[in-house]
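Letters go in sequence order (proteins before strands), and every chain restarts at 1.
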Amino acid sequence: MKNNTLQENKLEANVRCKDVSKIYRQGDIEVHALRRISIEIQDGSFVSLSGPSGSGKTTLLNLIGGLDRPTSGEIYLSNLRIDTLSSSELAQVRLDNIGFIFQAYNLIPVLSARENVEFVMQLQGVNAAERKERAYEILNAVGLNGLENRRPGELSGGQQQRVAVARAIVSNPEIVLADEPTANLDSKTAKNLLEIMLSMCKERKVTFIFSTHDKLVMEYAERLIKLHDGEIVSDE
Amino acid sequence: MLKNLSIIFILSSRNVLRNPRRSILTLLAISFGLAGTIVVSSLARGLSYNLAKDTIDHLTGHIQIHAENYLEDPDVSNSISEIPPKLEKVMKSPQILKKAERVRVPGIVMSERESYGVMIVGINPKEELGLSFIAESVNEGKFFDHDSDDGIIIGRKLLELLQTDIGKRVVVMSQDVKNEISDKGVRIIGVFDSQFESTEKSFVFLSIKKAQGLLGLDAKISEISLVTKDYENLEPTLSNLQSSAPNLDVRGWRDIEKFVSALLDIQGKFLIFWFCIVVIAISFGIVNTLFMAIYERIREFGMLQALGMKPIEIQFQVLIESLLLILIGGFIGNILSVIGIHLLESGIDISAFAEGAKRFGIKNVIYPRFVSHDWITANLLVLFLGSLSSFYPAWRASRFTPANAISRAT
């Protein structure tokens, strides 16, 4: 790790973006996905990023999660500047601090639901017994009791998304970044998952940042950040 | 990374099984490629072995001892008059299995119709038994019983050329020790066959004492031919013999039969070349399979990175997938090669090409000969080049930007 790295793996979840821009180049054309965005998100926040398609929600989420690098600007998780870290260091930061929920589930198809949930813990070095216990517990909490040994291909879209949520929160991350987490869920399941996430936010001070179009998610959010054409147009 | 080895291995092994048809095709390419390499190399080695054995059996033996200058000028004047006692002692060592003393000089054989230049070889029939081909190649008439028997044994082709027959007399002529022409009429008592037509045309055999008498050599000889325990590893025996007879010319068969030796060396190098070609072809198959598997799973690799898997762990995962394919394919390939060699044990009949093959001293039937270092080389090459070729796809798999990879449509 570089000089600005904290000694401990776990970081405080304070997220700071300073003048962050992201430009995608498609041949000679430049697409400004984000334009000098500056935001700060405190620990234990429940934040919604909304805006029309192409407004830069997912790009911002990816930059905060270290899945992409900004064209300019600085991104900090607590006091750790992450936009200058190597791929390997970024992977370690994600492993220790960040849980992801993707729109298209993105489960590992060759692993069962339980193994998918255990995966991050396994990379973290959690012992097998504890992994198993926590995986069963969280799968039960998201309503997948009895489906633990099914592979993603044997689960419905909603069930897969619940596995993805379980995987994102089971390792007690500091931040959970969720890209349209309720897009493929019925309202009852969506509400159920949002309740689980909200309770984690309150009880464990986990920061949740959603990129969403879903009004239900916005209703749950404590802070609504609206983006348009790569710029923040409102922050309530 | 080692602590995550178990999950990496689980992912790799399940990914190998994920697309069974593709994996099976890759396994078939590896296993048949390896089996083909081993079987073909064993046939080539069988061919080499036969060629070397026939050369050795011909009259060469494993080691020959001559007077200095004999090989450059095989004249009676270049004979061995006395065998040094030290050499006698070494020749009785356990490393030496057989020994034959010979007189061997150029001469002419004449029938009433034709005459031909030949090599006159005086032999001791008991010593030649099990050492050279001649004792077992007299298929018409009889072989000598003693080292002083009368008569001459000639090759079938020469018999035709001289337009003579068994039981008839021919004249053998050469230059004796006094540089006088010496000739003698002898009766053909036997006809030998050889796989080399040139041997049938150019060698005639007398008993050693009759040859010495014809040339006025007394007890002198032209050469000593030796058979050792291991024809492929002559160096220690050769140096022992050389140091015990510094005034004689002691050479191994490869030094005498330079053409055959070069042929065998070229074949050995060609085999390595052949191994490399086949293994490179296999490597292309592995690279192709891995690239197909990687480009199908770009999103997955992005997601694995997002979850905290390091690029090197992703590389390792792809390398293990490749290694599993290579190891399983290699295992099947080795079993197939054992079956293949076993099925060919009775030999491959190449009599359709017999005429051409005979010119090169190749028999009508080729038998496979398993050589362990060829087997090890083929396996190591598959393992090494196969793994090496997997590094680039593995590296590519770890280089995707997670955000781009995840957003990619499957």
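- For chain A, the nearby part of B/I10 is the side chain; its heavy atoms alone come within less than 4.5 Å.
- A/N62 contributes atom CG, which lies 8.5 Å from atom CG of B/N404 (distance to the nearest 0.5 angstrom).
- Contact annotation for A/E115: only side-chain heavy atoms (C-beta onward) come within less than 4.5 Å of a heavy atom of chain B.
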**OP:** Verify side chain to side chain contact (heavy atoms under 4.5 Å, CB included) between A/L67 and B/T401, making sure each step is shown before the conclusion.
**Re:** CA-CA 7 Å; A/L67 298 181; B/T401 306; over 6 Å; no
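- Of all heavy-atom pairs between A/S88 and B/P311, the closest is CA-CD, 3.9 Å.
- Ion pairing of A/E89 with B/K310 is absent here, as no side-chain N (NZ or NE/NH1/NH2) approaches a carboxylate O to less than 4.0 Å.
- Heavy atoms from other residues, nucleotides or ligands lying under 6.0 Å from CZ of B/F331 number 12 at most.
- Side chain of A/R94 to backbone of B/Q305: a donor-acceptor contact under 3.5 angstrom is found.
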**OP:** Evaluate side chain to side chain contact (heavy atoms under 4.5 Å, CB included) for B/L11 paired with A/L111, printing each intermediate quantity in order.
**Re:** CA-CA 8 Å; B/L11 287 175; A/L111 300 182; 4.0 Å; yes
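- The environment of A/E154 atom CD is dense: over 12 non-hydrogen atoms of other residues, nucleotides or ligands sit within 6.0 angstrom.
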**OP:** Mind running side chain to side chain contact (heavy atoms under 4.5 Å, CB included) on B/M303 and A/F100 for me, showing each step along the way?
**Re:** CA-CA 9 Å; B/M303 184 255 298; A/F100 286 95; over 6 Å; no
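- The number of heavy atoms from other shown groups lying within 6.0 Å of NE2 (B/H342) does not exceed 12.
- At most 12 heavy atoms of other shown residues, nucleotides or ligands fall within 6.0 angstrom of atom CZ in B/F32.
- Per-residue counts of heavy-atom pairs under 4.5 Å with chain B were compared for A/D179, A/L177, A/L107, A/N106; the largest is that of A/N106.
- Around OH of A/Y24, the count of heavy atoms belonging to other residues, nucleotides or ligands within 6.0 Å exceeds 12.
- Expressed to the nearest 0.5 Å, how far OG of A/S87 lies from CD1 of B/I314 amounts to 10.0 Å.
- Here CD1 of A/I108 is found 7.0 Å from CD1 of B/I7. Values are rounded to the nearest 0.5 Å.
- Atom CZ of A/R167 is separated from atom CG of B/L307 by 4.5 Å, given to the nearest 0.5 angstrom.
- Within 6.0 Å of the CZ atom in A/R36, the count of heavy atoms belonging to other residues, nucleotides or ligands does not exceed 12.
- Within 6.0 Å of CZ in B/F384 there are 12 or fewer heavy atoms belonging to other residues, nucleotides or ligands.
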